[in-house]
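To start, the structure itself, in structure tokens.
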Amino acid sequence: MRKIDKNYDALLSTQYKTWVNNYESKNKKHPESRTYYDDVAMELYRCQLGVCAYTERWICPQELYDSALWVDGKYISDDSAEYQRVEHSGEMDHYDPHLKKNQYWLWSNLFMIDAKINSIKNNNQPLSYLKPDLEDYTPEKYFEYDENTHRFIPNTDKDETTRNEIQYMIDNVLFLNHGVIRGDRRDFINDIKLKIRNKSKYKVDRFFTAVSWCIDF
Amino acid sequence: MKISKIEIKDFHQFKDFNIDLTYPKGHTKEGQPLDKVCFIGQSGTGKTTLLELISFQMYRQITNIIKKIDSHVLIQNSTFEIVLKGIKYKLNVIWNDGLAWNYDLINDHNNTEIIGNARSILASWHEKKINKLIYFPSTLNYDLNIENNKELFISEVIDFSQHKVANVWNLILDKIQKYQEEELQIRQEISKTVEQSSNNLETIQKALKKLEVWKNTEFNPIKDVADNCLDKLLANFKLKVKTELDIKTKDDIGFIKVEDYNKNEIPNGLWSTGTKQLILSALPLYLLKPKNTIILFDEPERSLYPDLQRTIVDYYSSLGVDCQFFYATHSPIIAASFDPWEIIELKFNEEGKVYREVYYEGENHIDNYKWNPKLMRWDDILQKVFDLQDDGSLLRREKLNELATYNVKYRKLEKKGELGKAEAQEIIKKVEKLSKELSSWN
């Protein structure tokens with residue numbers, strides 16, 4: 001689970017920003033309308049480089065969050081484009097589900113995650129210190145990776161209680177070792193290794209953390 | 001007539017639901033309707049509803065689900081694209097003081113000759129007296145007492161959710177009886193010859209030879225079913241079709257008889273559900289010899305052991321000519337008989353609406369598919385296609401986490417140059433033990 005830079009000041013969706021700021025400044029409940037869904041989703045994909053915020057599985061083509069698609073602070077979908085705005089396999093997750101009720105569109109609480117994971121995660125809340133956009137968050141601090149089983153584990157330097165709570169997150173909330181994800185990650189890493197061995201071209205566009213921990217470039 | 005697209009605008013769990021049922025780019029049949037389709041997905045996603053919608057939308061057959069739901073809403077929300085002799089039509093059912101099936105030519109042809117030709121092709125298809133759709137529901141009627149109902153099998157739609165499958169035996173009863181009568185007649189001639197010419201060995205041999213030649217040349221309907229359809233399937237149960245029958249009248253024939261390898265007949269009442277399922281699925285297709293037919297199978301894996309499940313889809317395909325098969329299944333083994341573009345995986349989105357999960361990245365081209373169930377291991381299919389979270393029980397997951405932790409700890413000691421320490425030796429022992437317990441963990 002890589003660190004994500006969600007710089008609020010750099011948002012291209014300025015219309016959304018004005019809209020949500022208005023509610024925040026007046027301490028008013030956010031409406032549930034989906035007017036800015038695409039603005040927020042695509043902006044999140046920009047920050048997340050098109051991968052699931054937790055599992056780092058590739059879920060959105062770059063063409064969908066290209067900065068050229070924002071016009072006058074609004075995300076514009078092009079119906080004639082090769083990729084349509086719905087052609088991604090992510091869903092919006094509220095990191096702290098309790099904030100959903102009043103601050104549904106709060107930027108800092110939102111991440112795009114794999115729809116497969118969202119469907120089984122329900123409203124389980126990840127540990128607050130594992131929030132990937134926290135300033136002091138780094139994956140090394142909390143996780144390690146076993147290249148043989150291709151599983152993430154809690155950092156073995158942590159005390160047992162912390163390791164147990166992180167392990168619970170890995171297995172039941174973040175699903176970092178979900179069978180499908182783990183299999184995809186294993187295949188992706190092995191494929192890159194093969195390409196390096198064969199001196200073929202390769203592109204790392206997903207599973208950034210595990211790849212960087214398994215391969216010396 | 002084959003279906004190339006299904007659209008449902010708004011009906012219960014379906015909202016703007018749209019599935020393309022054609023071969024992808026790069027395929028030799030690119031753009032043509034798929035020959036076989038496999039619906040998979042969680043219970044409630046609508047696999048059976050789609051099968052039954054096909055039978056109603058295409059041929060007005062009112063099946064169990066259609067009876068129970070507000071079918072007017074469903075069909076008025078549904079549009080099919082169909083292909084007949086290379087011509088594409090859009091099929092809508094319209095309610096206007098009654099239901100009307102409306103076919104529009106796709107491609108916006110202005111050429112009156114083309115339009116006329118398309119209409120006459122469609123009209124001649126509707127006039128054809130052939131089986132256009134066969135439906136095998138998940139719960140087949142296993143009653144093996146046959147009733148005299150030949151009419152059913154000349155109808156446009158054969159719906160086995162409403163009719164006994166065993167009645168299909170009617171299709172060859174006359175042939176069996178004729179065969180038996182002829183055999184009896186030749187045998188009577190032999191008895192007569194033996195009686196009249198008991199000292200003339202050559203005459204007796206000649207009469208016997210006649211029976212042998214007759215048996216070799218005459219079409220034996222039961223032996224045909226045995227050799228070309230059922231025996232290879234029944235071999236899985238160490239059974240075969242009984243071909244030597246002692247029949248006096250047509251009523252004695254009854255349904256197909258099965259025996260073990262020691263020629264002991266197994267009474268119908270003792271057939272296993274797997275045996276019934278297999279016979280009652282394969283036999284109708286073999287006897288009806290479907291051509292240009294849409295064939296619907298709901299949960300064909302029922303009561304079948306995995307080794308049989310892996311063979312049936314290809315086998316059923318071999319029994320039809322230019323047919324389009326639709327399967328709904330929960331079985332990864334059945335799914336492994338399909339190319340990835342033939343699998344329609346139905347999933348719920350955030351709002352509880354159903355969508356199709358596609359297996360390709362980028363353009364719908366055969367080279368862009370992430371995986372191919374035909375090339376995958378069973379456990380891989382379970383995980384990647386059926387989204388199973390773990391590769392075993394919860395205990396196995398705990399043990400795998402343990403193993404991963406020891407591996408990481410060992411590597412850390414290795415980096416520090418501390419493999420000589422007792423701790424490293426202890427870890428090696430634990431890793432070896434866990435690896436043995438877990439078997440095939442990578």
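Within every chain, numbering begins at 1; the chains are lettered A, B, ... in the order of the sequence lines, protein sequences first and strands thereafter.
Under the 4.5 Å side-chain criterion, counting only non-hydrogen atoms from C-beta, A/D157 is in contact with B/K412. The closest side-chain heavy-atom distance from B/Q389 to A/N177 is not below 4.5 Å. Side-chain contact check for A/R151 versus B/R397: some heavy-atom pair is nearer than 4.5 Å.
Contacts from residues 164-171 of chain A to chain B, taken as heavy-atom pairs separated by less than 4.5 Å, involve A/Q167, A/D171 in sequence order.
At a 4.5 Å heavy-atom cutoff, the contact between A/Y145 and chain B is made by backbone atoms alone. Using a 4.5 Å cut-off between heavy atoms, B/D379 makes no contact with chain A at all. Using a 4.5 Å cut-off between heavy atoms, B/K409 contacts chain A through its side chain alone, with no backbone atom that close. In this structure, no portion of A/D93 lies under 4.5 Å from any heavy atom of chain B. Heavy atoms of B/Y406 lying under 4.5 Å from chain A are absent altogether. Of the atoms belonging to A/T156, heavy atoms from both backbone and side chain fall under 4.5 Å from chain B.
Separating the CG atom in B/L403 from the CG atom in A/N148 is a distance of 7.5 Å, to the nearest 0.5 Å. Within the model, atoms CD of B/Q383 and CD1 of A/I181 stand 10.5 Å from one another, a figure rounded to the nearest 0.5 Å. Taken to the nearest 0.5 Å, the NE2 atom of A/H150 stands 13.0 Å off from the CG atom of B/L400. Residue A/I153 holds its CD1 atom at 4.0 Å from OG1 of B/T405, rounded to the nearest 0.5 Å. Taking NZ from A/K116 and NZ from B/K347, the interatomic distance works out to 3.5 Å, rounded to the nearest 0.5 Å. Atoms OG and CG, on A/S119 and B/N349 in that order, are 11.0 Å from each other to the nearest 0.5 Å.
A pairwise comparison of heavy atoms in A/H178 and B/L388 identifies CE1-O, 4.0 Å as the closest pair. In this structure, A/T149 and B/A404 approach most closely via the heavy-atom pair OG1-CB, 3.4 Å. The minimum heavy-atom distance linking A/E147 with B/R411 is given by the pair N-NH1, 3.8 Å.
Atom NZ of B/K374 has more than 12 heavy atoms from other residues, nucleotides or ligands within 6.0 Å. Heavy atoms from other residues, nucleotides or ligands lying under 6.0 Å from CZ of B/R356 number more than 12. Counting heavy atoms of neighbouring residues, nucleotides and ligands inside a 6.0 Å radius, atom OH of A/Y129 exceeds 12 of them. Within a 6.0 Å sphere centred on CD of A/E140, other residues, nucleotides and ligands contribute more than 12 heavy atoms. The environment of B/K421 atom NZ is sparse: at most 12 non-hydrogen atoms of other residues, nucleotides or ligands sit within 6.0 angstrom.
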In sequence, state the C-alpha distance, the side-chain angles, and the governing distance for A/D187 and B/K370, and then conclude on salt bridge (Lys or Arg N to Asp or Glu O under 4.0 Å). CA-CA 11 Å; A/D187 295 348; B/K370 287 184 282 186; over 6 Å; no
Apply salt bridge (Lys or Arg N to Asp or Glu O under 4.0 Å) to residues A/R163 and B/E402 and explain how you reach the verdict. CA-CA 12 Å; A/R163 275 193 280 122; B/E402 215 180 309; over 6 Å; no
